[in-house]
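Input: a single structure, listed below in structure tokens.
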Amino acid sequence: MTGPVDYEIHGAVALIALNNPPVNALGIAVREGIAAAIDKAEADDNVKCIVLAGRNRCFCGGADITEFGKPRKEPSLSVLINRLEASEKPVVVAIHGTAVGGGCEISLGCHYRVGDKTARFGLPEINLGLLPGAGGTQRLPRLIGIAPALDIILGGEYVDAEKALELGFLDAIVPGDLIAGAIDFANGLIRDGKGPRRTAEMEIEKEGAQATLDEYKKKIAKRSRGLIAPARCIEAVEAAMSISVAEGMKLERKNFDELVQSDQSKAQRHLFFAERQAHKLPGVDKDTELRKIEQVAVIGCGTMGRGIAMSFASAGFAVTVLEQSHDALDNGLAAAKKTYEGSVKRGRITQEEADACMARFTGTVDYADLKDADIVIEAVFEDMTIKKQVFGQLDAVCKPGAILATNTSSLDVDEIANATSRPADVVGTHFFSPANIMKLMENVRGKATSPEVQATVMKLSKDIGKVGVMVGVCDGFVGNRMLYRYRSQAEFLLEEGALPEQIDKVIYDFGFPMGPFAMGDLAGLDVGYMVRKHRRENFPTNDRYSSTIADRIVEMGRHGQKNGMGWYKYAEGGRTPEPDPEIAKLVESVSAEMGITRRDVTDREIMERCMYTLINEGAKILEEGIATRPSDIDLVWVHGYGYPIGKGGPMFFADLTGVDKIHETMKRLHDAHGDLLRPAALLEELAMSGKSFADYQSKK
Ligand code: 3HC
Ligand code: NAI
């Protein structure tokens, strides 16, 4: 058979193999191919058993996401899976690599499941703002039970072969060649006279199920605030307890069709493609040879250094950590150990995994120990003189070809690069705090950074489970530059009439985990104070970047949560922000000093001033070529700053709202408040020509 599905006969076994590179997505041609192959196998009296497998890098990456939102062509995936399950001849699926989404659902419709040791399965639809739409919510709980099924459906993460076997998803892990092993398994079924074993006919274990469902409902209310898909997933799983698979699939389909049209799902699908798009770097050929990275070194084992080192150790890399003294080193390593122990206590990893991660650490105070490192990431104090000294020392000891990276959040990567004799090997790798958790790696290319270094660092981001985005050098790079502008607006709104709690509530309701003032308190206000001081000295402009209120608060000794008072006050040892009349007094007195008559600021104005400013600055960043494409900016904000995924990032939100509307509002705000709110030329250009940021991106 030609096309995206191969058909072969191996004795009494028909092999149906998906062959639709790269990930065997189940587009219409594949579905038709499978349906035709089943018909053929069923019609062939010599065939007693069917094996379904996949060629290429994995069994199946699921439904073809590019078909979503377009008219559905038959056979739909659900129809196909029902057809497969109804087969009178037993069907064995052979899984290598990933079987996710529709790829997992098709496996659930097969009667037996085997995999090799690379096999992993999952239902990541939730990450696309969807629910599994081809029987996943009905069959998975029947096969493995309600709680594990909900973990998989709501978590969207993938389960490895060992765990899949333990859960009863896989019947066997086959050593050696998978297809040969699956054919042996099929011959065993024929020999033993075993027929189809249909998941749809299995009974769900009902004992304790309702309590489990209620517990998950509570969990998602907190964890997935504002998102629709999680509740729809639970609703469908709950239905599976009382109705047939056929009925349940109708409900599932209804939910899927509703979600697929929602802005939230569009936003999350946009982010899926954005992550992949980000790896296409201008001026870097896709076949660029990558540098081999095995030995990693991190300089500085403070807040960021140890989080960065942990990200590598957790991903299996050997990490050497260099500190300026034995004491600092011991403290840093002890803090890393404590963090791993916390993860063990919370059940996130096992003690053995924690021990294995710590065993990958080596500590040193001697630069000579970095001579074999393939990449060194510097995370020392944010001070150009110190950074230059560190890079000078690295230049002297590191082997040729080693990548020299800086985690600076605000200093000029080109200046740091010029402290070495090899600026082409120098790059920024800006992690976000806590670096072992936050997904963003804002990688910064300097003027001289070589294409191989850029490509290697982007690949490395993926290898350690981060989302990499490559940006250019400017004050604050992409993320912090936009943050400065948005935070300035929040502070100016205080001067004009708002209070921190009002602004924070608007931003929280927009979908951020917290507003800018609560966030400042969490991060520590003294840090921002130092950054502002540095910026005033290094980037003197006529712009009034921030209100004096922020500085005064620090000068009053209020450093945020760390000393129990900042923009808010905190009960002894507490983390819940409480509005503080002292702050209201300070804010009001600043307004009076500035001769501003305080007014009622509406929630709408807060949202527009803060969120539209982000978009406007994003547009300037695009004009300047600091970010390659709008979707790169979206990734930075979603993965580095908690921008709500259901809105897809600031630039996608601009398209959802309408670029013309944003431009109109910016013009009005500019007229009322002056130059900081001047609409970006690109925003104006798009608005005037009726275009969106997506149109702009498609032309890039
Ligand atoms: N549909 C369309 N394209 C897909 C796809 C899919 N389901 N999955 C991956 N791709 C594309 C990617 O966009 C990328 O394209 P590009 O090279 O042009 O950028 C290419 O395949 C390779 O993808 P990755 O770079 O992610 O390759 P990896 O080897 O790193 O990972 C994977 C492979 C593990 C399969 C990963 O792509 C993945 O996790 N995909 C998840 C897909 C997903 O969410 N599936 C659920 C779909 S929804 C569904 O099935 C609905 C059903 O319930 C009805
Ligand atoms: P930190 O003060 O917690 O840690 C810095 C560490 O570097 C200290 O342990 C110190 O002993 C060590 N150090 C200083 N000079 C050294 C030298 N010459 N050799 C070896 N070690 C040395 O600082 P933090 O917060 O970890 O910041 C580090 C870098 O990361 C800075 O460039 C900062 O701007 C950047 N960054 C910080 C973020 C944050 O949220 N804290 C976020 C993103 C980037």
Side-chain angles (χ1 to χ4, degrees), residues 62-70 101 123-133 153-157 220 223-233 255-278 438-440 467 469 478-479 482 486 506-513 607-608 610-619 621-622 627-662 683 686 691-698 700:
D64 186 339
I65 304 171
T66 59
E67 284 184 356
F68 289 174
K70 300 180 186 155
L123 290 168
E125 286 86 345
I126 193 106
N127 299 328
L128 303 172
L130 297 170
L131 86 167
I153 294 170
L154 295 172
E157 283 174 10
I220 61 149
R223 199 170 66 187
S224 314
R225 187 171 59 90
L227 295 176
I228 333 164
R232 294 289 185 275
C233 289
N255 286 354
F256 186 91
D257 287 345
E258 178 201 324
L259 290 173
V260 88
Q261 298 299 341
S262 69
D263 284 347
Q264 285 188 0
S265 174
K266 285 179 193 155
Q268 289 182 254
R269 270 139 53 198
H270 158 77
L271 292 168
F272 174 86
F273 289 112
E275 261 185 53
R276 281 136 188 98
Q277 193 71 17
M438 293 297 283
K439 294 268 266 180
L440 180 65
V467 173
V469 178
V478 167
M482 290 167 72
Y486 140 56
V506 171
I507 300 302
Y508 177 82
D509 289 346
F510 186 81
F512 278 85
M607 191 282 281
E608 290 176 347
C610 295
M611 295 297 106
Y612 290 11
T613 295
L614 274 186
I615 298 164
N616 202 43
E617 195 63 21
I621 283 171
L622 288 169
T628 304
R629 47 184 86 83
S631 65
D632 284 358
I633 298 179
D634 289 335
L635 290 177
V636 166
W637 270 80
V638 164
H639 294 291
Y641 298 84
Y643 195 98
I645 51 171
K647 292 191 167 69
M651 311 320 278
F652 189 81
F653 175 66
D655 281 357
L656 281 180
T657 308
V659 170
D660 52 343
K661 262 179 72 184
I662 308 273
L683 188 72
L686 293 176
K691 298 259 163 57
S692 62
F693 284 105
D695 295 328
Y696 169 83
Q697 176 152 337
S698 67
K700 295 284 301 173

Note to self: Name the residue from Ile615, Asn616, Leu614 that meets the side-chain contact (heavy atoms from CB on, under 4.5 Å) definition with Tyr486.
What the structure shows: Leu614
Margin query: Restricting to side chain to side chain contact (heavy atoms under 4.5 Å, CB included), what partner residues turn up for His270, sequence neighbours left out?
Written below: Ser631, Asp634, Phe652
Next item on the list: Answer yes or no: is there a donor N or O on one side and an acceptor on the other, between the side chain of Arg232 and the main chain of Glu258, under 3.5 Å?
Entry: no
Margin query: Which heavy atom of Ala627 sits nearest to which heavy atom of Ile633, and what is that distance?
Written below: CB-CG1, 3.7 Å
Item checked: Contacts of type side-chain hydrogen bond (donor to acceptor under 3.5 Å, both in side chains), residue Ser262, not counting sequence neighbours -> none
Notebook entry, point to check: Counting only heavy atoms not in Glu157, do more than 12 sit closer than 6.0 Å to its CD atom?
Noted result: no
Check: Would you call Lys691 and Val659 a side-chain contact if the rule is heavy atoms closer than 4.5 Å?
Finding: no
Note to self: Among residues at least two apart in sequence or on other chains, which ones pass salt bridge (charged side-chain N to carboxylate O under 4.0 Å, His left out) with Arg269?
What the structure shows: none
Item checked: Any residue meeting side chain to side chain contact (heavy atoms under 4.5 Å, CB included) with Ala231, in chain and number order, not counting sequence neighbours -> Ile220
Note to self: So, taking the atom named OG1 in Thr628 and the one named CD1 in Ile621, what distance separates them when rounded to the nearest 0.5 Å?
What the structure shows: 12.0 Å
Check: Who passes ring-ring contact (aromatic ring centres under 6.0 Å, His included) against Phe68, sequence neighbours left out?
Finding: Phe256
Item checked: Side-chain heavy atoms of Ile507 within contact of Met611, under 4.5 Å -> yes
Item checked: side-chain hydrogen bond (donor to acceptor under 3.5 Å, both in side chains) partners of Tyr641, counting only residues at least two apart -> Asn480
Next item on the list: Please name all residues satisfying side-chain hydrogen bond (donor to acceptor under 3.5 Å, both in side chains) with Arg223, sequence neighbours left out, ordered by chain then number.
Entry: none
Note to self: One pair to check against side-chain contact (heavy atoms from CB on, under 4.5 Å): Val469 and His639. What are the steps and the verdict?
What the structure shows: CA-CA 10 Å; Val469 178; His639 294 291; over 6 Å; no
Checklist line | Inter-residue atom distance Glu125.CD - Gln268.CD, 0.5 Å rounding | finding: 12.0 Å
Note to self: Could you work out, with side-chain hydrogen bond (donor to acceptor under 3.5 Å, both in side chains) as the rule, every residue matching Asp64, not counting sequence neighbours?
What the structure shows: Thr66
Item checked: Spacing of CD belonging to Gln697 relative to CD belonging to Gln277, to within rounding of 0.5 Å -> 5.5 Å
Notebook entry, point to check: Taking atom CG of Leu683 and atom OH of Tyr612, what is their separation to the nearest 0.5 Å?
Noted result: 11.0 Å
Check: Do Leu271 and Ile645 come within less than 4.5 Å of each other through their side chains, counting heavy atoms only?
Finding: yes
Note to self: I'd like to check Ile153 versus Ile126 (side-chain heavy atoms, cut-off strictly below 4.5 Å). Are they in contact?
What the structure shows: no
Margin query: Could you tell me if the side chain of Lys266 sits less than 4.5 Å from the side chain of Leu656, heavy atoms only?
Written below: no
Notebook entry, point to check: Roughly how far apart are Asp660 CG and Thr657 OG1, rounded to 0.5 Å?
Noted result: 10.0 Å
Item checked: Worked verdict on Ser698 versus Asp695 for side chain to side chain donor-acceptor pair (under 3.5 Å) -> CA-CA 5 Å; Ser698 67; Asp695 295 328; 5.0 Å; no
Next item on the list: Determine the minimum heavy-atom distance between Pro513 and Tyr508, stating which atoms define it.
Entry: O-CD1, 3.4 Å
Item checked: Pairwise salt bridge (Lys or Arg N to Asp or Glu O under 4.0 Å) hits with a residue in residues 636-648, at least two apart -> none
Margin query: If the condition is ring-ring contact (aromatic ring centres under 6.0 Å, His included), which residues does Phe653 pass it with, not counting sequence neighbours?
Written below: Phe510
Note to self: Any side-chain to backbone donor/acceptor pair from Gln264 onto Gly226? Under 3.5 Å, distance only.
What the structure shows: yes
Notebook entry, point to check: Got a second to check how far Ser265's OG is from Ile65's CD1, nearest 0.5 Å?
Noted result: 9.5 Å
Check: Who passes side chain to side chain contact (heavy atoms under 4.5 Å, CB included) against Asp509, sequence neighbours left out?
Finding: Lys505
Item checked: Under the side chain to side chain contact (heavy atoms under 4.5 Å, CB included) test, residues paired with Val506 that sit two or more places apart -> Asp603, Ile606, Met607
